[in-house]
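Numbered from 1 within each chain, the chains take letters A, B, ... in sequence-line order. Note that this is a predicted model, so its numbers are computed, not measured.
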Protein chains: 2
Amino acid sequence: MTKRADKPITLADVARRAGTSTAVVSYVINDGPRPVAAATRERVLAAAAELGYRPNRIARALRSRTTGVVGLVLADASNPYFAALARHVEQALERRERLTLIGNAGYSADRQRDLVDRFLAAQVDGLVIVSAEGGDDVTDLAQAAGVPAVYVHHGPSDGRARVVGADNHDAVREAVAHLRGHGHRHIAFLGGPHDAGPVADRRTAWRAAVADDPWAALLRCDYSRAAAHSLTRRLAAGDALPRALITATDEQAIGVLSGAWASGVAVPGRLAVISLDGTPESAHTAPALTVTRQPLEAMAEQAVELLSGRDPGAPAAHAPLVIRRSCGCDGDQD
Amino acid sequence: MTKRADKPITLADVARRAGTSTAVVSYVINDGPRPVAAATRERVLAAAAELGYRPNRIARALRSRTTGVVGLVLADASNPYFAALARHVEQALERRERLTLIGNAGYSADRQRDLVDRFLAAQVDGLVIVSAEGGDDVTDLAQAAGVPAVYVHHGPSDGRARVVGADNHDAVREAVAHLRGHGHRHIAFLGGPHDAGPVADRRTAWRAAVADDPWAALLRCDYSRAAAHSLTRRLAAGDALPRALITATDEQAIGVLSGAWASGVAVPGRLAVISLDGTPESAHTAPALTVTRQPLEAMAEQAVELLSGRDPGAPAAHAPLVIRRSCGCDGDQD
DNA sequence: CCCTGCTATCTAAACGATTAGATACGATGA
DNA sequence: TCATCGTATCTAATCGTTTAGATAGCAGGG
């Protein structure tokens, strides 16, 4: 009961108490555009402290037309990859003292536009779009409102929008080389149903890396564990399972693992797997997944940097190969 | 280039165009507190549509002292359990047309208070705290600001705060009974390092359910996959592994699974496992986890309902047993 | 024909901060 | 002593809504 709830403290209260005008208080609070005498500053600070003054960001936002809030639109927060990305974006924003408005578009372009609309009405200072293939282009909306927008992981390919991604080519090349090192001749790839955006890049890179192998198999399924699980069971039943597989996403890799387990297929003995995401989940599957870890933190940092108008130097961060067990190595599993 | 970015449309613009005052426009926009003649309403609506008017929520918030934004404070978004809970809370809010400000406290009470402070400065209409054991009590802050706060999963135990949880006793009883049904005599429990909040409830319930078994072992480790993984490996090396185990959380269960795999321990053959969370991840581990699924959606719904002042009837939702394979059943895999 | 009461609308004061322009006060130089 | 300048502060307009109070117009009862 230290403070009554009914009357929030305002600038005017502090000014009255300090015996000054609201202007000086404002100048003190934000090292304002004009200087304040040291003695006065002290009085103001003391008054503010005594009253427990907390600036009202809404009022500040109305006047100064900047809210310190950024909208984060997610295609699907259930997907650990997107969830991890979201976390890093939120942290990058936090570091810059900005608040994060979050929303789930659930792979629907309509809901995505809707969300962006609502974020813009809330006067966000910027938009980070973590979208998947289905994600529509919302650059027009943002532009109309004069709000900077950045896509992460996947975005419209016409040059108009700023898109932050990772260097997938190198990663895939490394993965293929590693499996070759284990003696595998034919290295299959499990991609998505349509292959647009980063996953298409990954597929292309794989195709290039196995160009010398006409039998390299391209598999496809949804990006869900369930889909990869049943695909694996089906292939195992028909004895059509490859011996070495690169999956486009961790979700698929995890589905492959559980499908293999259910079919009695030994990993990595009968089937070696490398996944191209490297979310935290991948470290504690059975067996632990060898992955190329997407540099999520660097991507988030780059995205947020782009929002502030700064153009970060490095165009695409490298995704390092993290060797664990699913590839056949006797990994770092303690 | 349909709309210039430099001049957002305001109420006054619409009023001018419709030949009315700003008051009527406001009345029309929100079926205002006063009626408007049908003809006028038409004119206003038309003008608004033509100009592409979008109300400025900041200005609205300043005047009406309600932002339509709720702050969601997370102990740790990396934990899939919390992440799933967060998703459901966000969806429950979305359904009520409210925006979600999200923030990660990272198990630190200081950062939690800090976040709450910043959310309150942003004039949130309510706070949802998804906190773990470490989480401090922030009821005082919220109360001082006159903002309703609800804790989900875990909260201060003095009656002052509203806490939404699930019925853990029933769930644990069911899990124990199920393992007994598989012929297990001794059922161990893997809890957290300190056991406060819901995990303590779960432990207590387990103790009650195995009261007739003086040898039932209580294990402890951090709530991380890594900790459970190495604990399992250690126990396996010392041949001290129980034959049936209930884990307090999915994270631990997944760590146990990967530890067992690494130690060559067969699950469920040598070690049967049931977990008490039931996050989506648990469906696609190898083997698939049998769990008591926490009613996250119901909890989120309850929490948001509480924020609006309504007191939802049901005090604690039931966590149903989802039978898969880690318990020894020939589960519903694929 | 005037007064009453109702409806539809307008005027203007909030909300709490920021900030440009006006002002007051000493100190300085001629 | 007076004009000049600089510093520290105050006054008040402004951001875009909401909404209570004032007002205008019209119908109906006496």
- line: Note: B:L101 and A:V69 closest approach over all heavy atoms is CD2-CG1, 4.4 Å
- prompt: Hey, are B:D76 and A:R87 close enough for a salt bridge, meaning a charged N less than 4.0 Å from a carboxylate O?
  reply: no
message: If we check side chain to side chain contact (heavy atoms under 4.5 Å, CB included) with B:V28, which of these qualifies: B:V14, B:V44, B:T20, B:T40?
response: B:V44
- prompt: Side-chain N or O of A:S26 less than 4.0 angstrom from OP1 or OP2 on C:dA17?
  reply: no
field: Atom pair distance, as rounded to whole Å: OH in B:Y53 and C1' in D:dG16
entry: 7 Å
query: Think B:T40 has a side-chain N or O under 4.0 angstrom from the OP1 or OP2 of C:dT9?
result: yes
- prompt: How close or far is atom C1' of C:dC10 from atom CG of B:L11, stated in whole angstroms?
  reply: 14 Å
query: Are A:R16 and A:D13 ion-paired here, with the side-chain N under 4.0 Å from a carboxylate O?
result: yes
field: Distance, rounded to the nearest Å, where A:R16 contributes CZ and D:dC10 contributes P
entry: 14 Å
message: Ignoring hydrogens and geometry beyond distance, is a side-chain donor-acceptor pair present between A:D137 and A:T139 at under 3.5 Å?
response: yes
task: Test for a donor-acceptor pair under 3.5 Å between the base of C:dA20 and the side chain of A:R34, counting only N and O atoms.
output: yes
Between the protein and nucleotides 11-14 of chain C, list the N/O to N/O atom pairs that are separated by less than 3.5 angstrom.
| residue | atom | partner | partner atom | Å |
| --- | --- | --- | --- | --- |
| C:dA14 | N3 | B:R63 | NH1 | 2.8 |

field: Upstream residue (5' side of DNA chain C) when B:A37 and B:S64 are each assigned their closest nucleotide
entry: B:A37
task: Inspect the contact between B:E301 and B:R95 and indicate whether a charged nitrogen and a carboxylate oxygen are less than 4.0 angstrom apart.
output: yes
- request: Would you indicate which nucleotide in C:dA17, D:dT17, C:dT19 comes nearest to any side-chain atom of A:N56?
  value: C:dA17
- prompt: Taking only N and O in the side chain of B:R60, is any of them less than 4.0 Å away from OP1 or OP2 of D:dT18?
  reply: yes
statement: Between CG of A:L62 and P of C:dT18 the distance, given in whole Å, is 11 Å
- request: Look at the side chain of B:T10 and decide which nucleotide, out of D:dA8, C:dG16, D:dT17, has an atom nearest to it.
  value: D:dT17
